[in-house]
Amino acid sequence: MISTYLTGLSHLGLPVTDIERSRAFYRALGFEEVMQTDLRAGDESVHVCMMSMGGFILEMYQLVGEEGAEIARRGDGHIDHVALDVSDIDASFSAVRAMGLETLQDAPVYLPFWERGIRYFIFRGPDGEKIEFCQRLPA
């Protein structure tokens, strides 16, 4: 059963058009930057910033190319995904697949976030919303 592995809300993913402007805005609201990195996307970098307040993590990222242009054209609905922490990413992946849900990845993906990295995968809810299951790798 999938609920065996869920441990809580991980973060909320927010694509932004200008990460510096968004970083300053959320800092002014009282958020504290807790992680920043750049990921390669072809010849360009995707800038990622995690900000925290009261135990809530906001992941902001500035996409490039057509993906970035599509974000800039949106009026409402910039929230991209809700991420939930899991205790075992591989077992969670198997459980989601066993429920007959299609994942956007063929297997959990590694990202060099936090101290040791994370592994995650995404699937869609009943209205097309993206739900990410995420596991921080232990030290």
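For reference, positions follow the sequence shown, starting with 1.
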Quiz question: by atom type and distance under 3.5 Å, do the side chains of Asp85 and Ser10 form a donor-acceptor pair?
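Yes, Ser10 and Asp85 have a side-chain donor paired with an acceptor closer than 3.5 Å.
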Distance check, rounded to the nearest 0.5 Å: [X] atom [atom1] versus [Y] atom [atom2]?
{"X": "His47", "Y": "Asp18", "atom1": "NE2", "atom2": "CG", "value": "9.5 Å"}
{"X": "Arg119", "Y": "Tyr110", "atom1": "CZ", "atom2": "OH", "value": "11.0 Å"}
{"X": "Glu59", "Y": "Cys134", "atom1": "CD", "atom2": "SG", "value": "8.5 Å"}
{"X": "Leu111", "Y": "Arg136", "atom1": "CG", "atom2": "CZ", "value": "13.0 Å"}
{"X": "Met50", "Y": "Met35", "atom1": "CE", "atom2": "CE", "value": "4.5 Å"}
{"X": "Ile131", "Y": "Phe123", "atom1": "CD1", "atom2": "CZ", "value": "4.5 Å"}

Would you find a donor on one side and an acceptor on the other, under 3.5 Å apart, between the side chain of Thr103 and the backbone of Gln105?
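Flag set: sc Thr103 to bb Gln105 pair under 3.5 Å.
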Test item: Gln62 side-chain N/O and Ile19 main-chain N/O as donor-acceptor pair under 3.5 Å
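Present.
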If you measure from the Lys or Arg side-chain nitrogens to the Asp or Glu carboxylate oxygens, is any gap between Arg124 and Glu102 under 4.0 Å?
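Salt bridge between Arg124 and Glu102, a charged N being under 4.0 Å from a carboxylate O: no.
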Does Glu70 pair with Arg73 as a salt bridge, N-O distance under 4.0 Å?
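No, no charged N to carboxylate O under 4.0 Å.
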Is there a side-chain contact between [X] and [Y] in this structure, where contact means two heavy atoms from C-beta onward sitting under 4.5 Å apart?
{"X": "Arg40", "Y": "Ser45", "answer": "yes"}
{"X": "Leu9", "Y": "Phe56", "answer": "yes"}
{"X": "Phe133", "Y": "Ile89", "answer": "yes"}
{"X": "Met51", "Y": "Arg23", "answer": "yes"}
{"X": "Val34", "Y": "Trp114", "answer": "yes"}
{"X": "Val48", "Y": "Asp38", "answer": "no"}
{"X": "Ile2", "Y": "Thr4", "answer": "no"}
{"X": "Pro112", "Y": "Ile118", "answer": "no"}

Applying ring-ring contact (aromatic ring centres under 6.0 Å, His included), which residue pairs with at least one partner in residues 16-37 are found, sequence neighbours left out?
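Sorted pair list: Tyr26-Phe31.
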Which residues pass the ring-ring contact (aromatic ring centres under 6.0 Å, His included) test with Tyr61, not counting sequence neighbours?
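Applying ring-ring contact (aromatic ring centres under 6.0 Å, His included) to Tyr61 gives none.
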Trace of the side-chain contact (heavy atoms from CB on, under 4.5 Å) decision for Phe121 with Asp106
CA-CA 9 Å; Phe121 67 92; Asp106 293 329; over 6 Å; no
Heavy-atom pair with the smallest gap, counting every atom of [X] and [Y]:
{"X": "Gln135", "Y": "Ser87", "answer": "NE2-O, 2.8 Å"}
{"X": "Ser22", "Y": "Met60", "answer": "CB-SD, 3.6 Å"}
{"X": "Ser52", "Y": "Gly55", "answer": "OG-N, 4.3 Å"}
{"X": "Leu6", "Y": "Leu84", "answer": "CD2-CB, 3.9 Å"}

Show the numbers, then the answer: is there a side-chain contact (heavy atoms from CB on, under 4.5 Å) between Val46 and Leu63?
CA-CA 5 Å; Val46 173; Leu63 298 169; 4.3 Å; yes
Count I, L, V, M, F, W, Y as connected when their side-chain heavy atoms are under 4.5 Å apart, and connections chain through other members. Are Tyr5 and Leu101 then in the same cluster?
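Same hydrophobic cluster.
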